[in-house]
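In what follows, a single structure is set out as structure tokens and then discussed.
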Amino acid sequence: MRLFFAIWPDETARNRLNELAKRLHGACGGKVTRSDSIHLTLVFLGEVEKTESLLEAASVISANAFEIRVDRATYWKHNRIAWAGTSAIPEELAKLVDALKRALEQRGFSFDERNYVPHVTLVRKAGMAENLPEFEPFSWRVSEFCLAASSESGYRILEKWPLTGC
Ligand code: 2AM
């Protein structure tokens, strides 16, 4: 199974991200992400046989709920995706990612040291547009994170954990 920790938007944020996805698709063409597949990856693990130690690692995490201000849309040429993100990464998001990585490293997982760029892929196989559409920034309230599996048929959420203070 290809596994990853992620956050999935609640209905309000999903609707906003889905609207933005359609607008980006209008500008770039390509393949728009299905609204129920829209997510932000926290830690990508790749092929993992057994989930026990992942579940254990996630269960020791204590992190606060937070809000992401979605205020930027970007195109990445190297993998031809158009994505939504934020110009101000919330401290709690960075802490959640660090805590997850630490808990996973203690259980034998390792990660590349590339800089973490939180992004929500909204269009794949996108063409480069002259200008991406402007949009009104919006707030995404994050109160849980999850372990998800990726396969040919799409994504499946395996388990969810609440963030505190929500
Ligand atoms: P993407 O949307 O930019 O492709 C499931 O594939 C999730 O894991 C997606 O959010 C995907 O990001 C991310 N992902 C896939 N391969 C990855 C990698 N090598 N490093 C980090 N994230 C990855």
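Both backbone and side-chain heavy atoms feed into the values below; hydrogens, waters and symmetry mates do not.
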| Any idea how Phe5 and Trp161 line up, ring-wise: parallel (<30°), tilted (30 to 60°), or perpendicular (>60°)? | tilted
| request: Compare all side-chain heavy atoms of Phe111 with those of Leu104 and state whether any distance is below 4.5 angstrom. | output: yes
Give me the atom names and distance for the closest heavy-atom approach of [X] to [Y].
X     : Y     : result
His39 : Pro9  : CA-CD, 4.2 Å
Thr41 : Phe44 : CG2-N, 3.9 Å
Ser37 : Trp8  : O-CZ2, 4.1 Å

Residues which pass side chain to side chain contact (heavy atoms under 4.5 Å, CB included) with [X], listed by chain and number, not counting sequence neighbours:
X      : result
Ser110 : none
Lys160 : Glu144, Cys146, Ile157
Asn131 : none
Lys77  : Tyr75, Met128

Sequence neighbours excluded and cut-off under 3.5 Å, please list the side-chain donor-acceptor pairs for residues 24-36, or say none.
{"unit_1": "His25", "atom_1": "NE2", "unit_2": "Gly30", "atom_2": "O", "d": "2.9"}
{"unit_1": "Thr33", "atom_1": "OG1", "unit_2": "Thr121", "atom_2": "O", "d": "2.9"}
{"unit_1": "Thr33", "atom_1": "OG1", "unit_2": "Leu122", "atom_2": "O", "d": "3.2"}
{"unit_1": "Arg34", "atom_1": "NE", "unit_2": "Asp36", "atom_2": "OD1", "d": "3.0"}
{"unit_1": "Arg34", "atom_1": "NH2", "unit_2": "Asp36", "atom_2": "OD1", "d": "3.1"}
{"unit_1": "Arg34", "atom_1": "NH2", "unit_2": "Asp36", "atom_2": "OD2", "d": "2.7"}

Count I, L, V, M, F, W, Y as connected when their side-chain heavy atoms are under 4.5 Å apart, and connections chain through other members. Are [X] and [Y] then in the same cluster?
X     : Y      : result
Ile89 : Phe145 : yes
Val97 : Leu54  : yes
Leu42 : Val117 : no
Trp83 : Val123 : no

Under 3.5 Å, side-chain donor or acceptor atoms of residues 58-70 against the rest of the protein: list the pairs with distances, not counting sequence neighbours.
{"unit_1": "Ser59", "atom_1": "OG", "unit_2": "Glu56", "atom_2": "O", "d": "2.7"}
{"unit_1": "Asn64", "atom_1": "OD1", "unit_2": "Thr164", "atom_2": "OG1", "d": "3.0"}
{"unit_1": "Glu67", "atom_1": "OE1", "unit_2": "Ser139", "atom_2": "OG", "d": "2.7"}

Point-to-point distance, once rounded to the nearest 0.5 Å, from [atom1] of [X] to [atom2] of [Y]:
X      : Y      : atom1 : atom2 : answer
Leu93  : Lys95  : CG    : NZ    : 11.5 Å
Leu158 : Phe4   : CG    : CZ    : 9.0 Å
Leu100 : Glu105 : CG    : CD    : 11.0 Å
Ile38  : Asn18  : CD1   : CG    : 4.5 Å

Using the salt bridge (charged side-chain N to carboxylate O under 4.0 Å, His left out) rule, collect all pairs that involve [range], keeping only residues at least two apart or in two chains.
range            : answer
residues 10-19   : none
residues 119-138 : none
residues 78-88   : none

Pairs of donor and acceptor atoms involving the side chains of residues 45-52, under 3.5 Å and at least two apart or interchain, shall be tabulated with distances.
{"unit_1": "Glu47", "atom_1": "OE1", "unit_2": "Met1", "atom_2": "N", "d": "3.1"}

| query | Has the side chain of Asp71 got a donor or acceptor atom that lies under 3.5 Å from a matching backbone atom of Pro137? | reply | no
| task | Could you list the residues that satisfy side-chain hydrogen bond (donor to acceptor under 3.5 Å, both in side chains) with His119, not counting sequence neighbours? | result | none
| Sequence neighbours excluded - ring-ring contact (aromatic ring centres under 6.0 Å, His included) pairs with any residue from residues 121-144 | none
